[in-house]
Amino acid sequence: MAYPAGPAMYPAVMGMQAPAMYNPVPGYEGLVPGANGGFIPPPPVQPMPTPDAHPAQDWSIPALTKEAAKEAFCKHVDSNCCWSSGPAKDCTITNMEQFNTYRYRLETYNESRKTEWATKPYDGQPVNAFTQPPPGPWQIPVNPPEMFKDSVQEVEVPYTSSVKPCEKCSATGKCACTACTGSGNKVCQTCSGSGKASGEENCNECNGTGKKKCNDCSGQGTVQCAPCKGKRQLLSYIKLTVEWKNNVEDFMAEQASGLKVEKLDDVSGKQLFKDTKYMVYPLLGFPDQNMIQASERMIREHQSKYSQSGRILQQQQRVELIPITKHGKPA
């Protein structure tokens with residue numbers, strides 16, 4: 001697949017040049033090995049949504065009935081050991097005061113991309129550097145996972161791979177064993193290298209030599225080179241890391257029930273509204289002005305923040321009702 005050549009994503013940095021292993025790649029000239037290129041700004045975002053694209057909202061807030069309140073009261077009594085359920089079942093609720101509490105949740109699912117030089121053992125893979133200009137980071141098609149699920153995927157940037165000798169082992173496939181410093185043996189721990197067990201008797205562990213074969217390298221003094229896995233050559237390429245993240249923020253309006261808001265964090269509510277699209281529009285006509293203002297602020301901040309270093313794929317907003325009811329003393 002041919003990709004149109006684009007401008008350099010990373011301008012060259014004065015005094016910093018890629019080593020011989022990493023040939024400069026058109027469009028990625030300033031990408032220095034050992035340091036990733038950072039998160040890359042995406043193409044321009046689509047225009048903000050308008051009110052006419054917003055779905056009609058019915059804000060009919062259900063009220064808790066006395067029957068439902070009594071049922072909830074009885075369940076609470078039954079859940080506590082040694083509490084008598086008789087008074088709860090026989091009581092009559094004479095007065096109820098509603099303290100409807102609303103939770104607004106905004107989810108912004110965005111995708112960010114960054115690039116860096118990478119290597120892996122060369123095992124006969126195709127090499128295609130400089131056969132044609134490589135695509136820019138945002139030109140490479142990568143399928144996102146299920147929406148609103150965090151995920152990370154690594155992709156090799158096309159037309160950036162080349163084969164180089166492994167510098168770590170000087171292309172031998174082996175490196176000196178660090179456990180024995182390349183000698184192939186270690187000091188015997190039983191006799192501390194003296195060769196004597198006790199008195200003039202030879203140590204049985206090392207047969208009087210004071211040394212034992214290094215188990216890490218089987219006495220060879222060398223081990224397989226870790227970077228090239230013994231292949232002697234490395235495939236160097238530019239690696240694209242794509243990250244999908246679901247950014248969730250909640251707002252709960254203060255209410256006059258006397259309950260602290262943080263006490264309601266783990267309470268599930270009744271969903272009143274759910275809206276999912278590329279970019280959502282703030283709430284319209286909601287009975288609580290604090291919720292309207294919170295949705296306007298959060299949507300504005302999310303669309304600004306998460307479109308700077310990535311692109312927004314989808315947003316979702318929800319309104320939940322947490323019914324809080326204070327009833328008078330049962331009769």
Side-chain angles (χ1 to χ4, degrees), residues 9-10 35-51 53-55 57 59 101-116 136-155 157 239-255 260-286 288-322:
M9 295 300 301
Y10 305 98
N36 66 53
F39 288 102
I40 306 158
V45 299
Q46 298 181 18
M48 298 281 285
T50 56
H54 199 51
Q57 299 169 359
W59 300 121
T101 301
Y102 305 103
R103 179 191 289 128
Y104 176 76
R105 170 167 291 183
L106 177 63
E107 299 177 65
T108 298
Y109 191 59
N110 80 316
E111 174 186 315
S112 58
R113 299 188 175 200
K114 65 178 181 179
T115 55
E116 59 186 324
W138 287 98
Q139 294 177 301
I140 301 171
V142 183
N143 294 326
E146 181 183 351
M147 285 295 173
F148 303 106
K149 297 293 184 181
D150 292 353
S151 183
V152 177
Q153 185 174 343
E154 295 179 349
V155 179
V157 176
K239 179 177 67 178
L240 170 68
T241 301
V242 185
E243 180 178 3
W244 295 276
K245 184 172 180 59
N246 191 32
N247 304 278
V248 183
E249 185 177 358
D250 287 343
F251 171 82
M252 193 174 297
E254 295 287 345
Q255 34 73 38
K260 294 183 178 180
V261 170
E262 54 267 24
K263 295 290 187 181
L264 304 175
D265 287 345
D266 297 328
V267 176
S268 59
K270 175 181 175 59
Q271 183 171 287
L272 299 178
F273 174 73
K274 181 179 180 180
D275 180 28
T276 305
K277 54 170 57 75
Y278 165 65
M279 283 191 179
V280 297
Y281 194 81
L283 301 178
L284 293 175
F286 193 79
D288 189 326
Q289 187 64 29
N290 291 324
M291 294 283 285
I292 296 178
Q293 293 175 353
S295 74
E296 292 174 347
R297 173 184 57 79
M298 291 165 61
I299 290 173
R300 180 175 62 251
E301 291 176 353
H302 274 224
Q303 292 176 348
S304 173
K305 178 180 180 180
Y306 299 117
S307 62
Q308 295 299 315
S309 60
R311 64 179 175 185
I312 296 175
L313 298 184
Q314 202 161 51
Q315 287 187 308
Q316 181 170 270
Q317 60 178 342
R318 282 180 286 180
V319 176
E320 291 180 345
L321 166 67
I322 302 176

With respect to His302, which candidate in Gln317, Glu249, Gln315 satisfies the side chain to side chain donor-acceptor pair (under 3.5 Å) definition?
-> Glu249

Considering all heavy atoms, the nearest Asp288-Tyr102 contact | OD2-CD1, 4.0 Å

Sequence-distant partners of Asn246, side chain to side chain contact (heavy atoms under 4.5 Å, CB included), two or more places apart | Glu107, Tyr109, Phe148, Asp150, Val248

Which atom of Pro137 lies closest to which atom of Arg113, heavy atoms considered = O-NH1, 2.6 Å

Can you sort out the partners of Ser112 under side chain to side chain contact (heavy atoms under 4.5 Å, CB included), two or more places apart, ordered by chain and number?
-> Phe39, Glu243

Give, for atom CG of Leu321 and atom NZ of Lys270, the distance between the pair rounded to the nearest 0.5 Å.
-> 8.0 Å

Nearest 0.5 Å, what's the CH2-CD distance between Trp244 and Gln314?
-> 14.5 Å

So, Phe286 versus Tyr104, ring centres under 6.0 angstrom or not?
-> no

Which pair of non-hydrogen atoms, one from Asn110 and one from Gly310, has the smallest distance, and what is that distance?
-> ND2-CA, 4.5 Å

Closest non-hydrogen atom pair between Leu313 and Pro144, with its separation = CD1-CB, 4.2 Å

Compare every heavy atom of Lys239 with every heavy atom of Val157, then report the nearest pair and how far apart it is.
-> CG2-C, 4.5 Å

Report yes or no: does Ser295 contribute a side-chain atom to a donor-acceptor pair with the main-chain N or O of Ile292 at less than 3.5 Å?
-> yes

For Gln153 against Asn143, the heavy-atom pair lying closest together = OE1-O, 3.9 Å

Output, in order, the C-alpha distance, side-chain angles, deciding distance and verdict of side-chain contact (heavy atoms from CB on, under 4.5 Å) for Arg318 and Gln316.
-> CA-CA 7 Å; Arg318 282 180 286 180; Gln316 181 170 270; 4.1 Å; yes

Could you walk me through whether Met252 and Ile322 pass the side-chain contact (heavy atoms from CB on, under 4.5 Å) test, one step at a time?
-> CA-CA 10 Å; Met252 193 174 297; Ile322 302 176; 3.9 Å; yes

To the nearest 0.5 Å, atom CE of Met291 lies from atom CE of Met298 at 9.0 Å

Given side chains that start at C-beta, do those of Trp138 and Glu111 come closer than 4.5 Å, heavy atoms only?
-> yes

